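What follows is one structure encoded as structure tokens, with my remarks underneath.
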Protein chains: 2
Amino acid sequence: MTDTAPGTASRTPTRRYGTRPTMKDVAARAGVGLKTVSRVVNGEPGVTPDTERRVQEAITALGFRRNDSARILRKGRTASIGLVLEDLADPFYGPLSRAVEEVARAHGALLINGSSAEDPEREQELVLALCARRVDGLVIIPAGHDHRYLAPEMAAGVATVFVDRPAGRIDADAVLADSFGGSRDAVAHLIAHGHRRIGFIGDLPGIHTAAERLRGYHAAMSEAGLPVHDAWVSLGPTDPERVRTAATAMLDAAEPVTALFAGNNRVTVTVVRVLAERPPAAPVALIGFDDFELADLLSPGITVIAQDSAQLGRTAADLLFRRLDGAGGDPRRLVLPTRLIPRGSGELPPPATP
Amino acid sequence: MTDTAPGTASRTPTRRYGTRPTMKDVAARAGVGLKTVSRVVNGEPGVTPDTERRVQEAITALGFRRNDSARILRKGRTASIGLVLEDLADPFYGPLSRAVEEVARAHGALLINGSSAEDPEREQELVLALCARRVDGLVIIPAGHDHRYLAPEMAAGVATVFVDRPAGRIDADAVLADSFGGSRDAVAHLIAHGHRRIGFIGDLPGIHTAAERLRGYHAAMSEAGLPVHDAWVSLGPTDPERVRTAATAMLDAAEPVTALFAGNNRVTVTVVRVLAERPPAAPVALIGFDDFELADLLSPGITVIAQDSAQLGRTAADLLFRRLDGAGGDPRRLVLPTRLIPRGSGELPPPATP
DNA sequence: CCCGGCGCTGACAACGTTGTCCAGGGGCTA
DNA sequence: TAGCCCCTGGACAACGTTGTCAGCGCCGGG
């Protein structure tokens, strides 16, 4: 289309809007071969300084930028990894996402991410879209419980690491926090401060971490020889209304709980609100799973089981890139420890029994 | 390589690890032409139900998944947009990022994002990497002040919308919050409650929003006929140490400020901590720019200038896709309003003068 | 002076998909 | 029964890049 004969005076090659110059255009303008341009663009050796200069000039003049789609097609590797999580807006996932990004960056890879909104179908849709893009690897915080759909992809070489929750019905690497241990510690802590009737408000029971935390709760109670009433356990969505209802019911029962263990971030925040509205005369002890900003500035400060979400992401991404670098071996399951941070709310004693 | 003759009994085609089946393989297995497979995969009309079934079977049997790199190369559109922000881990950007993602999803596009860490060079590096990937559009929260490097890309058809801060040295769409107006409101609010010596602790002066907020501060002060001491204004990085030092200096001066206006989220949080450590006898009024979770549960609740970061992201993404759908016209600058939410900390009176 | 080798360059195929175009067959109409 | 059109299917080129390989000078040694 454009006249590329060397003699022609075409200082400003008129290009259609949306059409970008290619290596061919650069080559024509610089009066060199296609491959030479490729060599310059990729910093390969074997190009005379003078030739390189000519090519560079043509690149700048035309505003050429390599088309990575073509490059990827040719090379087979995309230098990008996918991250599928539940909700980017959740403060728990921000640092995790950022940590994965940093590791990716250190390996020269880009990060493509998406939110599953805790919907298994959407998770699958996203994951497969990423596979179609031929991401080199995947970090997944799973929403569903059946990941057999991933088997062909993994067999085809897509490295995959699950985070926060394990994969369902397939064998895959996973990096988890010690939900069970953390929860047992939390409840044991409340028991040590004299509580006997302890409520647990958690996430949907289908979510692995929620189930593990419930298990930790039961373990601590039974280790202390304490019974657990059905009414003391409430699992469900973490929207404020549900949590508010559950908490109120436990606190206003005939035999009210004297302490609450909140199964995650969002539950804790809602419980804090509920407690703030109640008479301060009868304070209720509270421990939350997950740390959150300003937890120490509330009065009382909120005692939490902290898990380092950035560390979780970093560990997962590291493992992913080790796999990509060829590390073999069976799928591994890494469990990161949690840490109880006492701040006051978890150390409140139960009210004196009448 | 693999024997694809129809008669051969190859139920499990042995493929090299990392080699994926292509449409050619599917076509051979189904005994149809290449293009027919393409038609089935893309749901194009003109395929007999029987043929379609055969193709589908071959696809499942081989575990075929379309290679989007090749597709993109051929079609020219990537159905993906890039988002460059400062730090994914910052709670201000989580909802923004999520909102952009939702809009992208509604348009069938994927989101590739990266953090600039407030480093102009890294911003440029990221943006250009995204351009090389041929993203259809870009949403940028700029770190630098010179975006001329983007001109060739935009000329080549990459739609670009700046958010939170305008572009530098080029003309481009931008979606901003009303930093100036919000800040003026905040400071006027403090003045209305009797304050005369008001401190401002903000972000680096090079950041557009920081400069605008400072301007709002000055406007409110001068509209009230109040002088501004140099010692009352401190701009700089938002790390806790710097902010702590600045706040302490203003509060412990010979003529201490009686109220503080914090220029953003992170500054506010640090200031809250500083104030919490001081004697409660002489409370200091505080208004922060940006709302944050639990601001209402602190005592006193923290009065803030709220900007809806999700709305910011949604608006920007909407504008981006309108541009991608062909909406022309000059670059637009949209300014979203802010809202003062009184919660107590901004309504504290100054201590009685002796 | 000739030959081997090395440093530089370019022609060409291939990556996997989609758009264009054409062929063959079957059904419908005149 | 001839003619036409539509429906289905396939061959082929093109997208922009990179890997392979071959060619062309030029230099140094024999």
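Quick note on labels: first sequence line is chain A, next is B, and so on, each numbered from 1. The model shown is predicted, which means the values in this text are computed figures rather than measured ones.
Within the 4.0 angstrom heavy-atom criterion, no nucleotide atom of any strand lies near B:Val41. Heavy atoms of B:Asn42 sit under 4.0 angstrom from primed sugar atoms or phosphate atoms, though from no base atom.
Taking only side-chain nitrogens and oxygens, B:Ser69 never comes nearer than 4.0 Å to OP1 or OP2 of C:dT17. At least one side-chain nitrogen or oxygen of B:Ser38 sits closer than 4.0 Å to the OP1 or OP2 atom of C:dT18.
Residue-environment remark: CZ (B:Arg332) stays at or below the threshold of 12 foreign heavy atoms within 6.0 Å. Residue A:Asp330 places its CG atom among 12 or fewer non-hydrogen atoms of other residues, nucleotides or ligands, all under 6.0 Å distant.
For the residue pair A:Glu123 / A:His147, a side-chain donor-acceptor distance below 3.5 Å is found, with atom types taken as modelled. Between the side chains of A:Arg133 and B:Asn67, no donor-acceptor pair of N or O atoms lies under 3.5 Å.
Salt bridge annotation for A:Glu101-A:Arg105: absent, with no cationic side-chain nitrogen under 4.0 angstrom from a carboxylate oxygen.
B:His208 is linked by a ring pair (Phe, Tyr, Trp, His ring centres under 6.0 Å) to nothing, counting only residues two or more places apart in sequence or in another chain.
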Between N or O atoms, less than 3.5 Å apart, protein on one side and nucleotides 12-16 of chain D on the other: list the pairs.
residue: D:dA14; atom: N3; partner: B:Arg74; partner atom: NH1; Å: 3.4

What N/O pairs connect the protein and nucleotides 4-7 of chain D at under 3.5 Å? Give each pair on its own line.
none

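Near-neighbour residues of DNA chain C inside residues 49-59 of chain A, defined by a heavy atom below 4.0 Å, number-ordered: A:Thr51.
The aromatic rings of B:Phe321 and B:His107 lie parallel to each other, with less than 30° between the two planes, well short of the 60° mark.
Overall bending of the helix from C:dC1-D:dG30 to C:dA30-D:dT1, expressed as the angle between end axes built from five pairs apiece, is 50° (10° steps).
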**OP:** Take A:Asp68 and A:Arg66 through the salt bridge (charged side-chain N to carboxylate O under 4.0 Å, His left out) test and state the conclusion after the steps.
**Re:** CA-CA 6 Å; A:Asp68 272 350; A:Arg66 182 177 63 196; 3.3 Å; yes
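Rounded to a whole Å, the CG atom of A:Asp68 is 9 Å from the P atom of D:dT17. Separating the CD atom of A:Glu44 from the P atom of D:dT17 is a distance of 14 Å, rounded to the nearest angstrom.
A donor-acceptor contact under 3.5 Å is not formed by the side chain of B:Arg39 with the base of C:dG19.
Side-chain contact between B:Leu111 and A:Ile112: absent, with no pair of heavy atoms (C-beta onward) separated by less than 4.5 Å.
Of the possible polar contacts, one joining the A:Asp136 side chain to the A:Ala79 backbone as a donor-acceptor pair under 3.5 Å is found. Not one N or O on the side chain of B:Ser309 forms a donor-acceptor pair closer than 3.5 Å with the backbone of B:Pro95.
Within the structure, salt bridge (charged side-chain N to carboxylate O under 4.0 Å, His left out) contacts touching residues 74-87 of chain B (residues at least two apart or in different chains) are A:Arg98-B:Asp87, B:Glu86-B:Arg165, B:Glu86-B:Arg266.
B:Asp173 pairs with exactly one of B:Arg333, B:Arg322, B:Arg323 by the side chain to side chain donor-acceptor pair (under 3.5 Å) rule, that one being B:Arg323.
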